[in-house]
Peer 1: 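Pasting in a structure now, in structure tokens, and then I'll have a few things to ask.
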Amino acid sequence: MAGEAFLKSIEINFQQAIKLLDELGYDIGLDQGLVNQILAANSTYLVRFGVRLRGEMHTFTGYRSVHSEHFEPVKGGIRYASNVNQNEVEALAALMSFKCALVEVPFGGSKGGLIIDPKDWTTDEMERITRRFTQELAKRDLIHPSQNVPAPDVGTGEREMAWMADEYRRLHPAELNAWACVTGKPVSKGGISGRTEATGRGVQYALQAFFDHPMDVKKARLSPGLSGKRIIIQGLGNVGYYAALFLSTEDKALITHVLERDGSIINKDGINILALKEHLIKFGTVKGFDGFVSEGIDLLEAEADILIPAAMELVITAKNARMIKAPLIIEAANGPVSAEADDILNEMGTIIIPDLYANAGGVTVSYFEWIKNLSRIRFGRMQRRAEETRISALIEGIIALTGSDFPEHLAKKAIQGGKEIDLVRSGLEDTMRNAYEVISKTWNSDKRIKDLRTAAMMVAIKRIAQSYSSMGI
Ligand code: GLU
């Protein structure tokens, strides 16, 4: 079962990192008991609930797994998909713990899922199902501003988060922090600017950070700079779409392949991502768009500089790993490369920027949203005008002293105080760059640390172990 293999892959990565921490003489107080405690999910709740729809009772199965509570609330998305299962949810919850530790977001890891194909139900029905699921989770504090804060994932988005927040508020009308019970809400319902695109934006920042490390770029046998790099994107959902859009329009990379469920688009001069997304939304398929071919997943093996799997787990396994030609893979999805494939790709010299770092942009901005909800004020609201007045005075002073004009385009840029979106972007960029710095430094510190995944895992485990020991465990 795919979920089992996914969980196994994470265990293997984890054990490798533990072994290396030990071999390299890091004393982080990890006895076997603590190792087991960090690895295993603390609890997984399974719920079956009925909803009366279309004149009959339908039973749905959902999960919420809590991996690690060294920080609370615990955090992680809820996915809606027909193949959701306990192992998958536990694997994803574990990844959340490592992810949060890596980007220094003070949350434990959690993840949820509902076995459902959203395409089978109308919007009204989805709302009723989501509200019932929320009631079940709320009963056990598995949705709670200070204990467990869900977010969007595959198959869910702003809409589901708005329903969940509203249902939670209905159940707890006097709870002052109720809005903070989920993140990824629409801006008009307590969300934050920039959360929707945050994971894709984070992938862009991760790639920029990678290309700012010449030694690492050399290891991938790539020339410097993102501009002109040929990219394959697998999956044009929320994460894949924004990553592809920003990389092509802002970094001038060429998205040569987009792989979707019902075929792919190929264009060696670069696909117009905005137009493709519009087509996909309008017709529900990539068919009919310029450059359409019926091949799908096989095109992961196409010639390119960078491969971005941005859909589901385990798309690169022992079966196809040897055929992957791109020398650099960045895991925008969670768990797209199996542990076996990871070994094969490592042997081939392929560099992988791992999921626990690459897609951490989502939870980073979720953290900003949660803080915004608790403080009940939009970021930048207090200081924006004051900043603008101060910089204007400074510019006037320079003009008075020098007697020359201050270039208008620079003045405009300097005077404008940070809006919420600017602050979110700056916070996200800083987080992604800092985290890459630490991972790359660890990777390059010893030859025995064979890849970025092991390095990232080592950093995450060290931090989690530290917080356990500071709790006296
Ligand atoms: N589902 C996203 C992830 O896998 C976001 C989690 C969150 O924002 O809590 O990282």
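Both ligands and their constituent atoms are indexed starting at 1 by order of listing.
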Peer 1: Can you label the angle between the Phe379 ring and the Phe368 ring as parallel, tilted or perpendicular, going by 30° and 60°?
Peer 2: perpendicular
Peer 1: Who are the ring pair (Phe, Tyr, Trp, His ring centres under 6.0 Å) partners of His279, not counting sequence neighbours?
Peer 2: Phe283, Phe289
Peer 1: Got a sec, which residues hit side-chain contact (heavy atoms from CB on, under 4.5 Å) with Ala151, two or more places apart in sequence or on another chain?
Peer 2: Lys75, Thr183, Arg195, Ser366
Peer 1: Does Phe14 have any ring pair (Phe, Tyr, Trp, His ring centres under 6.0 Å) partners at least two apart in sequence or in another chain, and if so, which?
Peer 2: Phe98
Peer 1: Could you check Arg378 against Glu420 for salt bridge (Lys or Arg N to Asp or Glu O under 4.0 Å), going step by step and ending with a plain yes or no?
Peer 2: CA-CA 7 Å; Arg378 186 180 70 237; Glu420 184 169 84; 5.5 Å; no
Peer 1: Collect the protein residues that have a non-hydrogen atom under 4.0 Å from ligand 1 and hand them over in chain and number order.
Peer 2: Lys75, Gly76, Gly77, Met96, Lys99, Lys111, Ala151, Pro152, Asp153, Arg195, Asn334, Gly362, Val363, Ser366
Peer 1: If only side-chain N and O atoms count, and only distance matters, is there a donor-acceptor pair under 3.5 Å linking Ser9 with Asn13?
Peer 2: no
